[in-house]
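What follows is a single structure, written as structure tokens, with notes after it.
When reading the values below, keep in mind they use all heavy atoms of this one structure, side chains included, and skip hydrogens, waters and symmetry mates.
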Amino acid sequence: MSHPNALTSMKNTMLLNIQRAIPRASTVLACALFSAWLSVAQAQPREGAVKNIVLVHGAFADASSWSKVIPLLEADGYHVVAVQNPLTSLAADVSATRRAIAREDGPVLLVAHSWGGVTATQAGDDPKVVGLVYVSAYAPDAGQSANDASSPYGWTEGQKQIRLDAAKFALMTYQGVSEDIAECLSAGDQRLFNVVQVPSYGPMFDEKIAVAAWKTKPSWVLISANDRMLPPAMEKAEATRLHAVASITLPTCHMSIIEQAAKVAAFIEAAAKSVPRQ
């Protein structure tokens, strides 16, 4: 099943019209005019576009991991909510995400990072959700867990740095934080990430989802080429397996939502504008 990419069609038509209108202009000029049009078109959500965006964070983190993306989306007119998931079980995270969706007053674009992709894939079957965006994230199939989705690609260096305490809650070692999950951040931000990281219940990574919302709803996939926490090959394969409306690859570490916040926000906005009208 594939989904129409309305934004891509609009872009191509606009570029063609520009080139026809100025047949003697250089390609550089045509592209410059097109880029100027695109920046204007992205300034505000179009009529009928999804205006509610719910962000789902990953393991070892909280909703503040979206702190650089949120103001960019809000500045362009979107209503944004970042879920504070408890990370105590898949069911608890899905319930928290569903509560956030229920508070929205219209269609929702559900956006997930990392482990949040598991939560979003299950919670995304909510009728209000009209599309899903996976950012450096898991996107398991029904009957799969996070570990099931990634195990065919082998253990990443980051996954090797996960440690369980006596209560089976998982944390990253400082080596894992500084070398494998947040190596793209400043030394100060790495130390902060390490200090505030949220313990995540280890067994939840083996909990299997009951439904895969991407099977019935359009999806978008952002791939982090330098990811050392999740396998980039898994992220790339998701774009094909999910029949993604669009995908993009960024040369980022796992924390793409901080390293390249502007590009991540632009990708989310493009998805919001191209969700098929209901």
Side-chain angles (χ1 to χ4, degrees), residues 1-5 50 52-59 83 85-102 104 107-153 156 159 200-201 203-224 227 229-249 254 256-257 267-268 271-272 274-276 278:
M1 178 182 66
S2 61
H3 306 282
N5 189 341
V50 179
N52 298 313
I53 297 177
V54 173
L55 305 172
V56 187
H57 65 79
V83 184
N85 279 320
L87 301 177
T88 53
S89 70
L90 173 61
D93 284 3
V94 169
S95 293
T97 301
R98 288 191 188 279
R99 289 194 297 272
I101 295 168
E104 299 307 292
V108 169
L109 183 68
L110 193 57
V111 183
H113 176 250
S114 193
W115 155 262
V118 182
T119 302
T121 301
Q122 177 80 43
D125 69 338
D126 187 288
K128 280 189 177 180
V129 175
V130 293
L132 302 103
V133 180
Y134 293 89
V135 180
S136 318
Y138 292 103
D141 201 347
Q144 282 191 322
S145 65
N147 284 338
D148 290 336
S150 65
S151 60
Y153 302 91
T156 64
Q159 289 167 338
S200 305
Y201 191 55
M204 75 182 187
F205 294 97
D206 284 319
E207 292 189 66
K208 302 180 188 299
I209 62 173
V211 61
W214 52 260
K215 287 188 172 181
T216 57
K217 300 181 181 182
S219 301
W220 290 257
V221 176
L222 187 149
I223 302 154
S224 290
D227 203 331
M229 191 66 199
L230 299 190
M234 179 192 75
E235 297 171 27
K236 183 177 180 181
E238 288 169 357
T240 301
R241 183 166 54 84
L242 273 58
H243 302 287
V245 174
S247 65
I248 186 174
T249 300
H254 185 61
S256 55
I257 57 179
F267 186 69
I268 294 170
S274 58
V275 171
Q278 300 301 298

Specify the closest pair of heavy atoms between [X] and [Y], including all atoms of both residues, with the distance to one decimal.
| X | Y | result |
| --- | --- | --- |
| Met229 | His254 | CB-CG, 3.6 Å |
| Tyr134 | Gly117 | CE2-O, 3.7 Å |
| Trp220 | Gly131 | CZ3-CA, 4.2 Å |
| Leu222 | Glu235 | O-OE1, 4.1 Å |
| Ile223 | Pro232 | CG2-O, 4.1 Å |
| Val221 | Leu242 | CG2-CD2, 4.3 Å |

If you define the side chain from C-beta out and look only at heavy atoms, does anything of [X] sit under 4.5 Å from [Y]?
| X | Y | value |
| --- | --- | --- |
| Ser114 | Leu230 | yes |
| Val108 | Val50 | no |
| Arg241 | Trp214 | yes |
| Lys208 | Asp148 | yes |
| Ser150 | Gln159 | yes |
| Ile268 | Leu109 | yes |
| Val83 | Val54 | yes |

Acceptor/donor pairs from residues 135-142 side chains to any protein atom, 3.5 angstrom cut, sequence neighbours excluded:
{"unit_1": "Ser136", "atom_1": "OG", "unit_2": "Ser224", "atom_2": "OG", "d": "2.6"}
{"unit_1": "Ser136", "atom_1": "OG", "unit_2": "Ser256", "atom_2": "OG", "d": "2.8"}
{"unit_1": "Asp141", "atom_1": "OD1", "unit_2": "Lys215", "atom_2": "NZ", "d": "2.9"}

[X] [atom1] to [Y] [atom2] distance, which is reported to the nearest 0.5 Å:
| X | Y | atom1 | atom2 | answer |
| --- | --- | --- | --- | --- |
| Leu55 | Leu110 | CG | CG | 8.5 Å |
| Asp93 | Gln122 | CG | CD | 11.5 Å |
| Asn147 | Phe205 | CG | CZ | 7.5 Å |

Distance only, no hydrogens: is a donor on one side chain within 3.5 Å (strictly under) of an acceptor on the other, for Trp115 and Asn85?
no

Keeping [X] on the side-chain end and [Y] on the backbone end, is there a donor-acceptor pair under 3.5 Å?
| X | Y | result |
| --- | --- | --- |
| Glu207 | Ser89 | no |
| Glu104 | Ile101 | no |
| Lys217 | Leu132 | no |
| Asn52 | Pro107 | yes |

Enumerate the salt bridge (Lys or Arg N to Asp or Glu O under 4.0 Å) contacts for residues 111-130, please, sequence neighbours excluded, ordered by first and then second residue.
Arg98-Asp125

Stepwise side chain to side chain contact (heavy atoms under 4.5 Å, CB included) test for Met204 and Leu87:
CA-CA 8 Å; Met204 75 182 187; Leu87 301 177; 4.0 Å; yes

